[in-house]
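Here is the structure we will look at, set down as structure tokens.
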Amino acid sequence: MSHGPAKGIGRWLFTTNHKDIGTLYLWFSFSMFFIGGFFALVIRAELFEPGLQIVEPEFFNQMTTLHGLIMVFGAVMPAFVGLANWMIPIMIGAPDMALPRMNNWSFWILPFAFAILLSTLFMEGGGPNFGWTFYAPLSTTYAPPSVTFFIFAIHIMGASSIMGAINIIATILNMRAPGMTLMKMPLFVWTWLITAYLLIAVMPVLAAVVTMMLMDIHFGTSFFDAAGGGDPVLFQHVFWFFGHPEVYIMILPAFGIISAIIPTFARKPLFGYASMVYATASIALLSFIVWAHHMFTVGIPLVGELFFMYATMLIAVPTGVKVFNWVTTMFRGSLTFETPMLFAVAFVILFTIGGFSGLMLAIAPADFQYHDTYFVVAHFHYVLVPGAIFSITAGVYYWLPKWTGHMYNELMGKTHFWLAFIGLNLTFFPMHFVGLAGMPRRIPDYALQFADFNMISSCGAFLFGAAQVVFLFNVVRTIFSKSKASAEVWEKPTGLEWQLPSPAPYHTFTKPPVIQ
Amino acid sequence: MAVTSVNSPSDIYYVPEQSKLPIFASMGLASSVIGLALILNGHSAGTMVLMCGFTVFAFVLWCWFQAVITENLAGLNNDQLKSSYVWGMGWFIFSEVMFFAAFFGTLFYVRNFAVPWLAGDGTHDNFTNSILWPGFEHTWPLMQTPDSAVNGDAAAMQGPDQNMGLSSAGSIWGWLPFWNTVVLLTSSITVHMAHTALKFGHRKPFYLWLGATVVLGVVFLILQAEEYIEAYHHMGLTLSSGIYGATFFMLTGFHGAHVFLGTFMLLVMFLRATLKNHFDANNCFGFEAASWYWHFVDVVWLCLFIFVYVLA
């Protein structure tokens, strides 16, 4: 345990240290975020004006597909795993993750998986062009040959996720310092415990569905082919049984981060800790019985439509509990608005907007109008961008001084926030309107009446992209900065991480701390 | 992999030093799947890439397990670390349960929804059946696909000639799945006997029961192979004989692959026990993990036996 960081590149390739691996995950996620963001800008550049200007429709489809896949599996999920790696052992007073070598393996599968996925762009017939949900038969009968590589990339990144999740569960259940009872754990740890459970439950289902695709494509099975007695709708059922919990995998850790940040900058303890835990667990359990709300228009029986509609609406209750608790934590607090708090407050407001549009989509009869329009795009970008992405950003600003030992530049952070805030609302708010008016998603061209709103969206997207360059610059500048951060960094924050010096030593809590 | 100290105090959780294993495991894994994808897409280089990748992967796993075992024998693993392995194995088995759940769910959906709907049952209109697949009827096992109901012998998707149900075997004594069930249930008992013997420190019975389990696993695999040969050569039942063939081979095939892995794991434990004298009553999680896995595989088989064979 006395070993410090090794010298050179070997430190990163062979590391077993949770902080190093957390850093690797975060940088990997950051680079994927820029690649996925670049794809998004290709989409928005094409949609700047009606008509076809920049890319072929076939390539446009590849951009929408890879943008989604890269952002979901490459940017958001690894960022949360990176934060988990860095913070969970510290937060529970553990010396490291439970299984440090497997931890490194979970990470190092990812660069290979995404290299395979991105290489499909250069293959004959192009990359995946069937949307990130890869519905059969678009992804089977009508798929480009590169789909085989896509399937195996999904397989190995799934293996990475399962190993990562097993590691996190084992760490939380087995490695807590004496006295760190379950109901004393920070909410970020709680939300990750539940997220890891979801990951282990549904990543194998994703593996199963891509395996069935593989068999249909190469071995003559007819899972998704009615001619042999199968059903393309079966694909959607299995996919969304994975896909809906996956949505919560991308938001539950965000709830944990926000629940850490708001109390610090409101200078009040979190309101309703226990109810937050129960709400998170309820959301996770409900996530298994709502999947067909993605499929209202596909032709499921009426009783199915009703069940999935009401079950989906139920989710608003625990989510409402959370929003209520965050707002109540801020109520009469001594609020200050440093960069992490700005992102956190924006999270609460904008995520709620995304939640409300989700409720609209949950109404089965109304969904027949909204389905596959830009309204859906607006909805899930409101929960993912100011939801997942803003929470990650907030978390990075909040803990960056602890990681690097240096304070970030506050003015630059606030500039980043306002550019991103304005950019994302410009991008995604107009999508509600064009969507309700009937503009279909995933199409490179559109009718003239949508032109103005699309131009606004595209301008907003480039503004949002520029904001992220400011973010990158600020992070790099902080790493090389000379301004020292104190151990506490903020004013009396709670949590074990703030009892450590900044930067956190390479090994922490080799001997478990005493929790009062 | 340097072992830093031989006598770590038991309150220190052993965190291994830097390790080259994970990155090489990733390379091996990635090369394997790239090779597999190349083969499936008809590239001649695929086999070579797969062989190289798999060799690297297998070698790394060998070294990895060796490292873990060495550390344990060196006394580096305190009780807390050991329970990390226990949690890890438990949750891994849960992930496997979910993998099979997806295929059982598929079978359930196909039998109860997809096939009846294609036949026009249970829908408020009959259009799918009357317009697309006229003449298709709902049966299970599905012997005639919608395609062949419409296009006869010209259909690309033909159903099987025979299915695996008890009715096509005649008597239960000549029904292979029955014997497979007997074999696998017995093997679960023998592995439990091995565990009990180990707990009481009876070495010889431990070896015998564990060896018997491995043999039963191999017997199961041989019977399963026999069943597949029979299906392909005499029953016209293949992966491509409609949804019945697809669900049958995917469920039993993945189960068979897991039996293979389980047998291999138990064989390794058998060799470790007999050749290296590993495991005692208090220090035997490697063996216990393999036996958990074996019980899991057995439970999956019981579900298969009921839902794939008996209720066919």
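Excluded from the calculations below are hydrogen atoms, water molecules and symmetry mates; all remaining heavy atoms, backbone and side chain alike, are included.
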Would you compute the distance between atom CH2 of B:Trp64 and atom CD1 of B:Ile69 and round it to the nearest 0.5 angstrom?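 The distance works out to 14.0 Å.
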Heavy-atom distance under 4.5 Å to chain B: side chain of [X], backbone, both or neither?
{"X": "A:Leu13", "value": "both"}
{"X": "A:Pro100", "value": "side chain"}
{"X": "A:Leu234", "value": "both"}
{"X": "A:Leu214", "value": "side chain"}
{"X": "A:Met97", "value": "backbone"}
{"X": "A:His155", "value": "neither"}
{"X": "A:Phe107", "value": "neither"}
{"X": "A:Val205", "value": "both"}
{"X": "A:Ile200", "value": "both"}
{"X": "A:Asp20", "value": "neither"}

Between B:His258 and B:Phe100, is the ring centroid distance below 6.0 Å? yes
Taking the six-membered ring for Trp, are B:Phe99 and B:Phe103 closer than 6.0 Å centroid to centroid?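 Under 6.0 Å, so yes.
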Do you know which of A:Asn174, A:Leu206, A:Thr148 has the most heavy-atom pairs under 4.5 Å to chain B?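 Sorted descending by pairs with chain B, the first entry is A:Asn174.
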Go through B:Asn41, B:Leu118, B:Leu38, B:Leu36 and name the one with the most non-hydrogen pairs under 4.5 angstrom from chain A. B:Asn41
